[in-house]
Amino acid sequence: MNAKTNDTTTALMLDNQLCFALYSTNLALNKLYRQLLAPLKLTYPQYLVMLVLWEQDDITVSDIGERLFLDSATLTPLLKRLESAGLISRQRSRQDERQVAVTLSEEGRELQQQALNIPQAVGCAAQCDVDTMLALKHELEKLRQQLHRA
């Protein structure tokens, strides 16, 4: 086997793939979140929507989609389920009929208190200190930004 063939074979090894490292880490992280979110009766994507709303209530569907990198076709079913669960309400914007505003219900606001321990539980499970987690998050955000530009 020549060096060129060996380089090609090495480049295609599963353990050398960044995408697989991210994918398999995401699977493990989603499994952890599934356990942590079960008492709140939220899926991980629903949790992300709630995080956005806990940060800023009464925003448009398109604003939520922009924050989460989700299109409305993906976001709308999530919002419908959250509304059915009594956590949010959706209504046409008074300023622009084309926009739908999303607002937390009282139950949705109260759920925030139950979620307060989740970030710490993730940090403990990852066995990372805050500085390491922030550095890793920063590097992943940089990677995401570069991939969006590509």
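These figures come from a predicted structure and were not determined experimentally.
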Hydrophobic clusters here meaning ILVMFWY residues chained together by side-chain heavy-atom distances under 4.5 Å, can you tell me if V130 and V122 are in one?
no
To the nearest 0.5 angstrom, please state how far the OH atom of Y33 sits from the CG atom of L48.
8.0 Å
Determine whether Q46 and V49 make a side-chain contact, defined as any pair of heavy atoms from C-beta on separated by less than 4.5 Å.
no
Please list, one pair per line, the donor and acceptor atoms closer than 3.5 Å that link side chains of residues 19-30 to other protein atoms, with sequence neighbours excluded.
residue : atom : partner : partner atom : Å
S24     : OG   : F20     : O            : 2.8
S24     : OG   : A21     : O            : 3.4
T25     : OG1  : A21     : O            : 2.6
N30     : ND2  : N26     : O            : 3.4

How long is the span from the CG atom in L36 to the CG atom in L42, to the nearest 0.5 Å?
11.5 Å
Let me check something: any side-chain donor-acceptor pairs from residues 67-79 under 3.5 Å, sequence neighbours excluded? List them with distances.
residue : atom : partner : partner atom : Å
R67     : NH1  : E55     : OE2          : 2.9
R67     : NH2  : E55     : OE2          : 3.4
D71     : OD1  : A73     : N            : 3.3
D71     : OD1  : T74     : N            : 2.9
D71     : OD1  : T74     : OG1          : 2.8
T76     : OG1  : S72     : O            : 2.7

Does W54 use its side chain to pair, donor to acceptor, with the backbone of G108 at less than 3.5 Å?
yes
Compare every heavy atom of D129 with every heavy atom of D131, then report the nearest pair and how far apart it is.
N-OD1, 3.1 Å
Go through it in stages, so that I can follow the logic: the residues are V61 and V102, the test is side-chain contact (heavy atoms from CB on, under 4.5 Å), and I'd like the CA-CA distance, side-chain angles, deciding distance and then a yes or no.
CA-CA 7 Å; V61 171; V102 181; 3.7 Å; yes
With a 4.0 Å cut-off on N to O distance, would you call R109 and E106 a salt bridge?
yes
Flag yes if more than 12 heavy atoms outside Q127 fall under 6.0 Å of its CD atom; otherwise flag no.
no
Taking the side chain from Q17 and the backbone from A11, do they hold a donor-acceptor pair closer than 3.5 Å?
yes
Is there a donor-acceptor pair closer than 3.5 Å between any side-chain N or O of R92 and the backbone N or O of A101?
no
Check: L53 and T103 side chains under 4.5 Å, non-hydrogen atoms
no
Between Q99 and S62, do the side chains contain a donor N or O and an acceptor N or O under 3.5 Å apart?
yes
Under 3.5 Å donor-acceptor, E83 side chain and R90 backbone
yes
What is the distance from atom CD of Q112 to atom CG of D57, rounded to the nearest 0.5 Å?
10.0 Å
For L37 and T43, what are the C-alpha separation, side-chain angles and deciding distance, and is it a side-chain contact (heavy atoms from CB on, under 4.5 Å)?
CA-CA 7 Å; L37 293 171; T43 64; over 6 Å; no
Pairwise distance CG(L87) to CE(M50) - rounded to 0.5 angstrom:
5.0 Å
Measuring from E141:CD to L134:CG, what's the distance to the nearest 0.5 Å?
9.5 Å
Kindly indicate whether the side chain of I118, heavy atoms from C-beta on, has any atom under 4.5 Å from the side chain of L40.
yes
Not counting sequence neighbours, list each pair that qualifies as a ring pair (Phe, Tyr, Trp, His ring centres under 6.0 Å) and has a residue in residues 102-126.
none
Within a radius of less than 6.0 Å around CD of Q120, do more than 12 heavy atoms belonging to other residues, nucleotides or ligands occur?
no
CG of L136 to NE2 of H138, rounded to nearest 0.5 Å, is 11.0 Å
Closest approach of A126 and M133, non-hydrogen atoms and distance?
CB-SD, 4.3 Å
Tell me whether E66 at atom CD has more than 12 heavy atoms from other residues, nucleotides or ligands lying less than 6.0 Å away.
no
